[in-house]
Amino acid sequence: MTEEKMRFEAEVSRLLDIVVHSLYSNKDIFLRELISNASDACDKLRYEAIAKPELLAGDSEFKVRLLTDNVRNVLTIADNGIGMNKTDLIENLGTIANSGTAKFVEALSKSDKAKDVDLIGQFGVGFYSAFMVAGQVDVVTKKAGEDQAWKWSSDGKGEYTIAEAEMEGHGTQITLHLTDDFKEFTEEYRLRHIVKTYSDHIGIPVVLMKADGNDETLNEASALWTRPKSDITDEQYKEFYKHNSHAFDDPWKTIHYQAEGAIEYTGLLFLPTMRPFDLYDPARKGHLKLYVRKVFITEGADDLLPPWLRFVSGVVDSQDLPLNISREMLQHNPVLTKIKNGLTKKLLSELETASNKDSKGFETFWENFGSVVKEGLYEDYTNRDRILKLARFRSTHSDGWTTLADYVSRMKDGQKAIYYISGEDVDALKRSPQLEGFAAKGIEVLLLTDPVDEFWLPSVGQFEEKDFKSVTRGGADLADVKSDDKDDDKDDKKDDAASDASLDALIASIKIALGTSIKDVRESDRLTSSACCLIADETGMDLRMERLMKQHNRVDEISPRILEINPKHSLIKKLSDIAIKDAKTPILHDAALLLLDQARILEGEALPDPVSFARRLDLVMEKGLGS
Ligand SMILES: Nc1ncnc2c1ncn2[C@@H]1O[C@H](COP(=O)(O)OP(=O)(O)OP(=O)(O)O)[C@@H](O)[C@H]1O
């Protein structure tokens, strides 16, 4: 029998080095990981056997068996699941192909302390955790439906061997040659305790094999979601969440319920505390697993939950779908559509309850997942209004979050629209010149910083019949709004601002100077302290959104903007005085270009010609210094 020697992928070697030398005190987790793999392997075979019953070869009682030998210091974890062939062994046990371990390695590379041992406990390192307690690991395995068995062996020090082997039936036997320090893992009471703690929820029996033949099932062996809620402890839910979702946080909400009526199913759903690592993956894959009468069918199907709920994990077990349903048949299945609607409604009502009763908790949830939930505003028309009511926003009203209903309740007399400004960060937005007039009138403005806002706003358009309106687009309509401060409402323009005629002269000369680089120049009622700002026209795209779209290559060109000037600003007044006397003087030309560049800088935009800007600024400064 030939034995092939192979080297672990470099990442695996590094990982093994950390696992073997780690001081992580909770070594028990290795058993959780191996039992969980064994149970996954049984789930896989159970599913495959729906279409090909012959794969079971008469062995359909899935179980995990634990065998101990305290003379040789050996613990074996055996299952009758799907098994592995040679290619599987090389792919699965020589590389880092799996999510849990990949997450661990990623977190490790970000961790300051390179050997942050706690990470092992948080993530679990899957199969490789066997090397925390064993000096040598042998895996004997045979894939269901194949004839050849294989033996994989390693001491975890850089190499492993693969050779042909003999094995009756299909499945996998993992034999751990425990190091002297870990003899305890051949003790029955230790195994009993570990299985109860970590693997009680596993849906198949975990059986301790005994020499006297009185084998003992150590776990409850019924799928957790099929048990009554009252029999399940918080700890059990948490363990299930971690195992089932490969998560390392605690769930924020656990929702366990039975849907009855036209469609019957059990849902055990978890809302996470932390963002899953793949939340922003373009695939937008979900984490909910579908079972049909306790048989695992598929995970993350689009037809089970809409993508805007992709952070929800857990299990849905249906009574109404046929057991022999294939993953392909799930698409557009009417039963599944009803389940999807039911789940979505249930989750929405849980979120509504949290939003009303635990606003702090809900806000933390929103900070993590709000940008994903908002995808539902343009993708899920049926639930749009409910999502809109849940949504939280930053605003100029206070540092915290606000709902739209609260915003509306604070709207001023005469205010017709819900105003917003969008950009990359809240602090920079708060300093935008376009907000000045709104601040002066005490009008609240929403500060939107999620790229997704540019998608839902145009499609939603309104809340409670009030239009959403960008403060960087179109006219500001501020004249109709009553100010908090009565004095502000007086038309003090006459004594305070440039005269109409001189302002017109200035506007005309700025237009000539700026030519096609600007769409229009006009007097502003949204500025109070800045001299000028840029605005998109009524029909154009919001200023910041357009820039964001350009960054993401969704538009080719930024369209020309409108330059608004503040007639009450002393610089504008002085320039107007000059313009009415001599519209052709060169200083007006330079001033127009400088005003435009200044507005661009305030927008956070790069200047098209910084050299000319600097030269003009120098000239103006020199003049100002009287040279
Ligand atoms: N008992 C087993 N039977 C069949 N295949 C197994 C068994 N144990 C491990 N494997 C295979 O080896 C792979 C790697 O296992 P490992 O525990 O390292 O990661 P994993 O379980 O995939 O990770 P994660 O926990 O993130 O899903 C598994 O995905 C599976 O394909």
Side-chain angles (χ1 to χ4, degrees), residues 8-9 11-13 15-16 18-19 29-49 55 59 62-67 75-108 119-132 134 137-146 149-152 154 156 160 162 165 167 169-176 198-199 202 204 206 239-248 276-278 285 287 289 296 299-300 313:
F8 285 116
E9 205 183 48
E11 294 263 84
V12 179
S13 287
L15 177 80
L16 281 169
I18 292 163
V19 169
I29 59 155
F30 83 91
L31 195 56
R32 167 186 82 186
E33 301 291 315
L34 297 183
I35 290 177
S36 149
N37 282 349
S39 138
D40 288 350
C42 293
D43 271 354
K44 280 183 203 158
L45 180 56
R46 200 185 335 231
Y47 176 74
E48 301 269 316
L55 287 180
D59 181 9
F62 292 108
K63 60 169 84 118
V64 182
R65 288 173 302 134
L66 304 180
L67 299 95
L75 168 66
T76 301
I77 297 104
D79 65 69
N80 52 349
I82 188 95
M84 288 176 271
N85 60 23
K86 189 178 171 190
T87 320
D88 295 336
L89 276 172
I90 296 171
E91 272 173 17
N92 295 332
L93 307 186
T95 60
I96 296 187
N98 60 82
S99 53
T101 315
K103 265 186 275 180
F104 173 78
V105 175
E106 193 190 309
L108 206 64
L119 289 172
I120 296 182
Q122 279 178 17
F123 290 94
V125 287
F127 169 77
Y128 300 110
S129 58
F131 289 97
M132 293 204 300
V137 178
D138 298 330
V139 179
V140 176
T141 177
K142 186 155 89 184
K143 191 158 186 166
E146 299 187 10
W150 297 92
K151 179 172 177 181
W152 178 104
S154 179
Y160 61 92
I162 292 190
M167 182 179 174
H170 51 79
T172 302
Q173 295 166 4
I174 299 182
T175 301
L176 310 183
Y198 297 111
S199 309
I202 296 277
I204 55 174
V206 179
E239 265 313 315
F240 180 81
Y241 167 69
K242 288 186 184 180
H243 154 84
N244 178 74
S245 317
H246 301 298
F248 50 92
F277 72 106
D278 60 351
K285 202 171 164 324
H287 293 276
K289 290 182 175 158
F296 171 74
E299 178 174 355
S313 65

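For ligands, and for the atoms within them, numbers begin at 1 and follow the listed sequence.
Under the 3.5 Å distance criterion, the side-chain polar atoms of Lys44 are left unmatched by any main-chain donor or acceptor of Ile82. Side-chain atoms of Lys289 come within 3.5 Å of backbone atoms of Asn244 as a donor-acceptor pair (strictly under, hydrogens ignored). In this structure a side-chain-to-backbone donor-acceptor pair under 3.5 Å is present from Ser129 to Gly126. In this structure a side-chain-to-backbone donor-acceptor pair under 3.5 Å is missing from Asn80 to Cys42.
Ligand 1 does not have Glu33 within reach: every non-hydrogen atom of the residue lies 4.0 Å or more from it. Between Glu91 and ligand 1 there is no heavy-atom distance shorter than 4.0 Å.
At under 3.5 Å, a nitrogen or oxygen of Asp79, whether backbone or side chain, sits near a nitrogen or oxygen of ligand 1. Below 3.5 Å of separation, one finds an N or O of Phe127 facing an N or O of ligand 1.
Using the six-membered ring where Trp is involved, Phe127 and Phe131 have ring planes that are perpendicular, over 60° apart on the 30 and 60° scheme.
Close approach of ligand 1 to Asn92 is summarised as follows: ligand atoms under 4.0 Å from at least one heavy atom of the residue are 11 (C), 12 (O), 13 (C), 14 (C), 31 (O). Within ligand 1, counting atoms from 1 as listed, the ones closer than 4.0 Å to a heavy atom of Lys44 are 31 (O).
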